[in-house]
Amino acid sequence: MPELPEVEVTRRGLLPHVVGRRIAEVVVRHRGLRWPVEPDLESQLAGRVIARIERRGKYLLLECVRPDGEAPGWLLIHLGMTGTLRVLPQAPPPGTHDHLDLVLAEPEGAGDALPGAATSLVLRFRDPRRFGAVLWSLLDESKLPTHPLLSKLGIEPFDPRFDGAWLYRLGRGRSAAIKTVLLAGDIVVGVGNIYASESLFAAGIRPTTPAGRLSLARCERLAEAVRDTLARAIERGGSTLRDFVGSDGSSGYFQLDCAVYDRAGHPCRVCGTTIRQIVQGQRSTFYCPSCQR
DNA sequence: CACGAGGCCTGGGCGC
DNA sequence: TGCGCCCAGGCCTCGT
C-alpha cells in the first residue's frame, strides 16, 4: 500500500502520540519479516524513549534513546506493500498479522495518577504480506545515512536540490524507460508504482521514453509533477490524521482519484482517449496515449 | 555500471 | 461452493 505519502502521513500521525514515550515492553510475535527481526531487539529497545521520528524515502526512522543518554539508536521501519503502524489506547487481542507491539508508557514524571495499563499505548505493526521490515541500528545520526539500506537512496522529492536539472543530469546515459528509472529510487526516492504513472501523466511524458532522451524542459515539468503529485497525496492523507489513534487501519491511507492508474480502458479525464495499460519491469504502467508523448 | 528478472509472502478477485 | 490462477501500491539481490 504505502508509497511515500502514506509513510509521511503515518509519521505525522504517530508524532503527537508516540514521541517522548518510554518503551515499556516489546512483543515480537513473528520474526520473519523482509529480514529477520534481530534476536535482541527486545532487550535493546526496552526502557528507551522514542525521541524523534524521521523519514528517509519510505523508511521510518525512530530515534530511541536510553535514559542515561548512552548509545542512542534507531529503529528502522519499512511498511513494505501491506504494512501499517497504528496507535492503540486499548489494544485488542493481536490478529494473525500483528507481528510486533511496542507498549509505550507515559513519559517519566508526567503525573502518574494511574500508572500502568490505563496510561499506556500500544504501537502495533501489522503486515500481512511481510515485505516490511523492522531493524535496529546503533549508528549515530551522522552515520545513519551510511546504513546499507539507506546509502544508495536518491534525494528526497522535497529537497530543494531536486529539480529538472537534477533529473536531467542524473538521467544522462540511461537508456531505461523513465517510468522504470523513477521507480528505481536512485535519482529521487518516494515515487512508487501509482505515483510514477500519475506524475508522468501530469508531465505529459510517455512512460516508455528512455530517461536519457528527455530534454531539460521536460525534466523540469516532470520534477514539478513529482513534487505536486506527492504533496497533494500527503495533503489528502493529512485530513485523516485526527482519526489516527485507535483507527481500524484505514485512516492514514487514502484513495487518490487517479488520472490514469488502474483506469485501463476508461476515457482520459482530459481528452477522452482510452487509457492504456502496459507492463514495464514486471509492473503495470498506465498512460494516456494522446496526452503523453 | 546499468539493466532486467527473480524472489520474498499473503489475500482477494476472477473464471471454470 | 471450491479450486486454481493471476494479480497486487516494494525493493533487495543476483546474473548478464
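Atoms considered below: every heavy atom in the structure, side chains included; atoms not considered: hydrogens, waters and symmetry mates. The sequence lines fix the lettering, A, B, ..., with proteins before strands; numbering per chain opens at 1.
Leu150(A) and Val134(A) fall into different hydrophobic clusters, where Ile, Leu, Val, Met, Phe, Trp and Tyr side chains are chained together by heavy-atom contacts under 4.5 Å.
The side chain of His78(A) places an N or O atom within less than 4.0 Å of a non-bridging phosphate oxygen (OP1 or OP2) of dC11(C). Proximity of Arg174(A) to the phosphate of dA2(B): no side-chain N or O atom is located under 4.0 Å from OP1 or OP2. Applying the 4.0 Å criterion to OP1 and OP2 of dG11(B), one finds that His97(A) has a side-chain N or O inside that range. Listed pair Tyr195(A) / dG9(C) fails the phosphate criterion, with no side-chain N or O lying under 4.0 Å from OP1 or OP2.
You'll find that the side chain of Ser175(A) is closest to dC3(B), out of dC3(B), dG9(C), dG11(B). When the nucleotides dT13(C), dT10(B), dG9(C) are ranked by their closest atom to the side chain of Trp35(A), dT13(C) comes out on top. Taking only side-chain atoms of Ala176(A), from C-beta outward, the nucleotide of dA8(C), dC12(C), dG4(B) with the closest atom is dG4(B).
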* Convert the base pairs of DNA chain C into dot-bracket notation, remembering that pairs crossing earlier ones are written with [ ] and that bases paired across to another strand are shown as |; include only Watson-Crick or G-U pairs under 3.5 Å. => .|||||||.|||||||

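The nearest whole Å value for the distance from the CD1 atom in Ile187(A) to the C1' atom in dC11(C) is 16 Å. Between the C1' atom of dT10(B) and the CG atom of Asp98(A) lies a distance of 14 Å, rounded to the nearest Å. If you measure from atom CG of Leu33(A) to atom P of dC12(C), you get 15 Å, rounded to the nearest angstrom. Spacing between atom CG of Leu182(A) and atom C1' of dC3(B) amounts to 16 Å, rounded to whole angstrom units. Taking atom NZ of residue Lys179(A) and atom P of nucleotide dC11(C), one finds them 13 Å apart after rounding to whole Å. Rounding to whole angstrom units, CZ of residue Arg34(A) and C1' of dC11(C) are separated by 6 Å. Regarding Arg129(A), its CZ atom lies at a distance of 15 Å from the P atom of dG7(B), rounded to whole Å. In this structure, the CG atom of Leu230(A) is 16 Å from the P atom of dG9(C), given to the nearest Å.
A donor-acceptor distance shorter than 3.5 angstrom exists from the side chain of Arg218(A) to the backbone of Gly204(A), with no hydrogens or angles considered. Formation of a donor-acceptor pair under 3.5 Å by the Glu198(A) side chain with backbone atoms of Cys258(A) is not found in this model.
Heavy atoms of other residues, nucleotides or ligands lying less than 6.0 angstrom from CZ of Arg29(A) number more than 12.
Looking at residues 276-286 of chain A, you'll see Arg283(A), Ser284(A) sit with a heavy atom under 4.0 Å from some atom of DNA chain C.
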* Step by step, work out the side-chain hydrogen bond (donor to acceptor under 3.5 Å, both in side chains) result for Arg130(A) and His30(A). => CA-CA 10 Å; Arg130(A) 283 191 275 136; His30(A) 201 318; 3.3 Å; yes

* Might you work through the side chain to side chain contact (heavy atoms under 4.5 Å, CB included) test for Glu141(A) and Arg52(A), ending with a clear yes or no? => CA-CA 11 Å; Glu141(A) 184 175 10; Arg52(A) 291 192 289 165; 3.0 Å; yes

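The P atoms of dC9(B) and dC14(C) are separated by 16 Å, rounded to the nearest whole Å. Between the P atoms of dC7(C) and dA5(B), the separation comes to 15 Å (whole Å).
How far CG of Asp163(A) is from CZ of Arg169(A): 9.0 Å, rounded to the nearest 0.5 Å.
Between Glu3(A) and Asn193(A), the shortest heavy-atom distance links the atoms OE2-N, 3.5 Å. Contact between Thr82(A) and Pro2(A) at its shortest, heavy atoms only, is N-CD, 4.4 Å.
Backbone-only engagement by Arg130(A) is indicated by non-hydrogen atom pairs under 4.0 Å involving sugar-phosphate atoms exclusively. Leu183(A) comes within 4.0 angstrom of nothing in the nucleic acid, heavy atoms only.
Here Phe131(A) does not pack flat against the base of dC9(B), since the 5.5 angstrom centre distance and 30 degree tilt limits are not both met.
Between Arg11(A) and Glu8(A) there is a salt bridge, since a side-chain N of the basic residue sits under 4.0 Å from a carboxylate O of the acidic one.
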